[in-house]
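Report on the following structure.
A quick note: this is a predicted structure, and the numbers were derived from the prediction, not measured.
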Amino acid sequence: MRKKYVALAAAAALTLTSFVVPALAVTNRDIQQKQSEIHAVERKQSAVQSKMNQAQQEINRLQNEQAKAEAEIKRLDLAVEETNGKIRTKRQEIEEMKQAIVALQREIADLRERIERRNELLKERARSLQESGGVISYLDVLLGAQSFSDFIDRMSAVATIFEADRKIIKEQEADKALKEEKEKQLHDNLAKLEQNLKELEQLKQTLNEQIAAKERLMAQLKQQEEEQHEKKLALQEEKELLEKQEAAMRTQLQELIRRKKAEEASRTKAPSSRGSSASVSSANLPPITSGSFMRPANGPITSTFGPRGGEFHAGIDIGKRGSDVPVVAAADGYVFRSYYSKSYGNVIFITHYIDGQLYTTVYAHLESRLVGEGQFVNKGQLIGYMGNTGYSTGPHLHFELHRGPWNAAKSNAVNPMAYIPF
């Protein structure tokens, strides 16, 4: 995505026509054509501005979505915090309940011991009654009184024994019932607490899954926002290119009008020169050949025009052989853009007007650039040195030839080897 947008901005819509004006009389048609081209550039500028506005709107939308996601994540974080608090409380309650169970187990053990002792006592009383004849022995006790006062005392003693027996039995039943009640209550409470803890653990897992989903959403939104920011930056660069192009074309229009007013029928074309190449050994420079274009640099063709690695290679690559390999203009032309691009590295764009046809050449990944924007160059003139800048995996010259202006789809790209004798 990044490479696509940067490449788009690197050389967007280079629709410049004749900067090296042919040695012919200027006609009204030439001026009208140039005015039409300027209007076309203005329309492209308007379209780019519209795209920039759309990109900003998309950035704003993504930022709003991101803010919503952040708020949702904050809410979930608080919910998780609350859930963890409940889990800790439940665990504490369970621990306290377990301690209560231990205490109750001791209490139940005491109850069982008392119950067992009572059982033994009751068994002893039962054996005694059986051996003494049961209720009859109590009548013998009462009837054996020597006096009324002795009878009353004996009757009170018998009543006390009966009451004691009933109390023992009642306490026995109460202890048994209490033990069963406590055991059931603790069992039910512990089961309930364990179920609540299980539910809370499940809730925590659900919340964690939701948070993970939101974090993925956040990451996606963040990536989309970064892509939109980069797209906007690429469009901004494209806008600057179009503004420079419009200014250059207006300058050319004024030149056409001036020449028409002067009614120059023709002019003598300046002899080709290699300009700053004088300091470069002629052995390192590619020879100037006949035809419209010449080889831009010496070296083997390492990658040809056409499909490559699942993509379309819109030019050719010339491998670097030597420490300093000069790069020259493939034809007379006008340097429209000379700058550093993230994708192309040091790159130069030149427009050419040959036999009434506009061409654009691109020289990418240069180590250095020796010509600037707005400069006229001649065929074979030194413009830079081969390098390895930008998105390049090795020292070489990436050279493109477009029959017409450069465009993002590179639909005007043609195979340089069909035009140049390599």
Quick one: does [X]'s side chain have a donor or acceptor within less than 3.5 Å of a partner on [Y]'s backbone?
{"X": "Glu400", "Y": "Val362", "result": "no"}
{"X": "Asn346", "Y": "Glu367", "result": "yes"}
{"X": "Gln381", "Y": "Asn378", "result": "yes"}
{"X": "Arg321", "Y": "Val325", "result": "no"}
{"X": "Asn298", "Y": "Asn284", "result": "yes"}
{"X": "His365", "Y": "Thr389", "result": "yes"}
{"X": "His402", "Y": "Gly404", "result": "no"}
{"X": "Gln375", "Y": "Gly372", "result": "yes"}
{"X": "Lys320", "Y": "Gly394", "result": "no"}

Quick check: do [X] and [Y] have side-chain heavy atoms less than 4.5 Å from each other?
{"X": "Ile383", "Y": "Leu370", "answer": "no"}
{"X": "Ile301", "Y": "Asp317", "answer": "no"}
{"X": "Pro395", "Y": "Met386", "answer": "no"}
{"X": "Thr351", "Y": "Leu358", "answer": "yes"}
{"X": "Ile318", "Y": "Pro296", "answer": "yes"}
{"X": "Arg295", "Y": "Pro421", "answer": "no"}

Measure up the Tyr359 and Phe293 rings against each other and bin them: parallel (under 30°), tilted (30 to 60°), perpendicular (over 60°).
-> perpendicular
Go through Tyr344 and His398 one step at a time and tell me if the side-chain contact (heavy atoms from CB on, under 4.5 Å) criterion holds.
-> CA-CA 8 Å; Tyr344 279 137; His398 174 75; 4.0 Å; yes
Does the side chain of Arg403 pick up a donor-acceptor pair with the side chain of Asn412 at under 3.5 Å?
-> no
Run the numbers on Gln57 and Asn53 for side-chain hydrogen bond (donor to acceptor under 3.5 Å, both in side chains), then give the verdict.
-> CA-CA 6 Å; Gln57 291 175 0; Asn53 294 339; over 6 Å; no
Take Asp332 and Val377, measure what side-chain contact (heavy atoms from CB on, under 4.5 Å) needs, and give me the verdict at the end.
-> CA-CA 6 Å; Asp332 294 348; Val377 292; over 6 Å; no
Report the C-alpha separation of Tyr385 and Val327 in whole Å, then their side-chain angles, then the decisive distance to 0.1 Å, and conclude whether the side-chain contact (heavy atoms from CB on, under 4.5 Å) test is met.
-> CA-CA 5 Å; Tyr385 285 93; Val327 177; 5.8 Å; no
Between Tyr363 and Phe349, is the gap from one ring center to the other below 6.0 Å?
-> no
Validation row, ring centre His352 to ring centre Tyr334 under 6.0 Å | no
Which is it for Val371 and Leu382 under the side-chain contact (heavy atoms from CB on, under 4.5 Å) test, yes or no, and what are the steps along the way?
-> CA-CA 8 Å; Val371 293; Leu382 179 67; over 6 Å; no
